[in-house]
Protein chains: 2
Amino acid sequence: MGLTKTEIFTEEQNRLAVMLKAIAHPARIAILQEIIKSNTCICGDLVDELGLAQPTISQHLKELKNAGLIQGTIDGVSVCYCINTPVWNELREQMSGFFAAFDRKVTCC
Amino acid sequence: MGLTKTEIFTEEQNRLAVMLKAIAHPARIAILQEIIKSNTCICGDLVDELGLAQPTISQHLKELKNAGLIQGTIDGVSVCYCINTPVWNELREQMSGFFAAFDRKVTCC
DNA sequence: ATTATTAATCGCAATATTGCAATATAAAGT
DNA sequence: ACTTTATATTGCAATATTGCGATTAATAAT
């Protein structure tokens, strides 16, 4: 085994899991924070900023891109990464729905 | 290798990664949604609701509990699970900080 | 053409995750 | 004490993730 049973869950649940899984790593959180702070980022900047090797950063960027959270545009020799707004908004809405659902509950076991 | 370099990241980044990693699975998203909807939940309800075996649900509950997102109270033969409000609020604030940081940015590469 | 510069890919070893059958634990009812 | 009910733990096979050295690809500068 070792394979997630995606077929028994809704499309929304699977989508949200993919997006959150992409963020759920300290390096990728740091990368996203850096991109948000600087608006755009190239791989080399992140290698200098965080203490990780270039292939490692490149792979994390790839995972964030696969999840749709960031987009990369070729800019000469380098690649310019930035937040992919539509997907970012999708995530924001999913999460706020999540939080809103609990919002006013206080009673617990 | 195969070990995340937690030491080079901030405490906040690592904390957020742990919380998001716990949520980042469709089964655990479904479990959290069910708990939020019903306010409290026992393991057996979730086994009936989702199509997963009892040990599998139990393990997912354990991971959510380890991350601090839920808490379980023994209630006779069963265990009553509910959202752990302080940690849930911590997550909410971290995420809203995240979203707020990007909020008004539109320019991209 | 040659050489930097920048980023992606490959290959690998170490480790983590996923799902479940089998089993164990523990409280409640008889 | 015995049985039922509800959950946790163990052990295992399949798969996924993590990090990086070595290499490759592709553009830019000389």
Side-chain angles (χ1 to χ4, degrees), chain A residues 1-9 13-14 17-31 34-35 40-67 70-82 109, chain B residues 1-9 13-14 17-31 34-35 40-67 70-82 109:
Chain A
M1 315 287 145
L3 214 150
T4 303
K5 283 189 159 183
T6 52
E7 70 276 8
I8 67 170
F9 303 105
Q13 288 167 335
N14 285 318
V18 165
M19 291 188 286
L20 290 180
K21 200 184 203 172
I23 310 184
H25 190 288
R28 295 196 288 268
I29 290 173
I31 288 173
E34 194 57 35
I35 292 180
T40 67
C41 246
I42 65 171
C43 181
D45 294 342
L46 296 163
V47 174
D48 295 339
E49 203 69 34
L50 324 179
L52 291 168
Q54 181 269 319
T56 306
I57 297 288
S58 185
Q59 199 191 270
H60 283 308
L61 285 169
K62 189 184 178 185
E63 273 169 73
L64 288 170
K65 208 167 68 180
N66 284 345
I70 61 169
Q71 69 183 122
T73 321
I74 296 166
D75 176 25
V77 190
S78 39
V79 175
C80 176
Y81 286 101
C82 62
C109 35
Chain B
M1 316 286 146
L3 215 151
T4 303
K5 283 188 159 184
T6 51
E7 70 276 9
I8 68 169
F9 303 105
Q13 288 167 336
N14 286 316
V18 166
M19 291 189 285
L20 289 180
K21 200 183 201 172
I23 310 184
H25 189 287
R28 294 195 289 268
I29 289 173
I31 289 172
E34 194 58 34
I35 292 180
T40 66
C41 246
I42 65 170
C43 179
D45 294 342
L46 296 164
V47 173
D48 295 339
E49 203 71 32
L50 323 180
L52 291 168
Q54 181 270 321
T56 307
I57 298 288
S58 185
Q59 199 192 269
H60 283 308
L61 285 169
K62 189 184 179 184
E63 273 170 73
L64 288 169
K65 207 168 67 180
N66 283 345
I70 61 170
Q71 70 183 122
T73 322
I74 295 166
D75 176 25
V77 191
S78 40
V79 176
C80 176
Y81 286 102
C82 63
C109 36

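Here the structure is a predicted model, which is why all the values come from computation and not from measurement. Throughout, protein chains are lettered first and strands after them, A, B, ... in sequence-line order, and every chain is numbered starting at 1.
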Student: Give one of base, sugar-phosphate or nothing for Ile42(A), where a contact means two heavy atoms less than 4.0 Å apart.
Tutor: sugar-phosphate

Student: Could you identify which residues of residues 49-58 of chain B place a heavy atom less than 4.0 Å from some atom of DNA chain C, listed by residue number, or say none?
Tutor: Leu52(B), Ala53(B), Pro55(B), Thr56(B)

Student: Side-chain donor-acceptor contacts of residues 17-30 of chain A below 3.5 Å, not counting sequence neighbours, with atom names and distances?
Tutor:
from: His25(A); atom 1: ND1; to: Ala27(A); atom 2: N; distance (Å): 3.0
from: Arg28(A); atom 1: NE; to: Ala22(A); atom 2: O; distance (Å): 2.5
from: Arg28(A); atom 1: NH1; to: His60(A); atom 2: ND1; distance (Å): 3.0
from: Arg28(A); atom 1: NH1; to: Glu63(A); atom 2: OE1; distance (Å): 3.1
from: Arg28(A); atom 1: NH2; to: Lys21(A); atom 2: O; distance (Å): 3.3

Student: On DNA chain D, nearest-nucleotide positions of Ala27(A) versus Val77(A): which is more 5'?
Tutor: Ala27(A)

Student: What integer distance in Å separates Lys62(A):NZ from dC20(D):P?
Tutor: 17 Å

Student: What's the NE2-P distance between His25(A) and dT17(C), to the nearest Å?
Tutor: 11 Å

Student: Would you indicate whether the side-chain heavy atoms of Leu46(B) and Cys41(B) approach each other to under 4.5 Å?
Tutor: yes

Student: Does Cys80(A) or Lys21(A) map to a spot on DNA chain C nearer the 5' end, using the closest nucleotide for each?
Tutor: Cys80(A)

Student: In this structure, how many angstroms lie between the P atom of dT17(C) and the CG atom of Asn66(B), rounded?
Tutor: 11 Å

Student: Over all strands shown, is Val79(A) touching base, sugar-phosphate only, or nothing at heavy-atom distances under 4.0 angstrom?
Tutor: sugar-phosphate

Student: Whole-Å distance between dG19(D) C1' and Phe9(B) CZ?
Tutor: 11 Å

Student: Taking for each residue the nucleotide of DNA chain C with the nearest heavy atom, is it Thr4(A) or Leu3(B) whose nucleotide lies nearer the 5' end?
Tutor: Leu3(B)

Student: At under 4.0 Å between heavy atoms, what does Gln59(B) touch on the DNA or RNA strands: base, sugar-phosphate, or nothing?
Tutor: base

Student: Over how many whole Å does the gap from Asp48(B) atom CG to dT5(D) atom P extend?
Tutor: 14 Å

Student: In whole angstroms, how far is the C1' atom of dA8(D) from the CG atom of Asp75(B)?
Tutor: 17 Å

Student: Can you tell me the distance, in whole Å, between the CD1 atom of Ile23(A) and the P atom of dT17(D)?
Tutor: 15 Å

Student: Quick one: Lys65(B) NZ to dT7(D) C1', roughly how many Å, whole number?
Tutor: 10 Å

Student: At less than 4.0 Å, is any side-chain N or O atom of His60(B) found next to OP1 or OP2 of dG19(C)? Yes or no.
Tutor: yes

Student: Any side-chain N or O of Tyr81(B) less than 4.0 Å from the OP1 or OP2 oxygen of dA6(D)?
Tutor: no

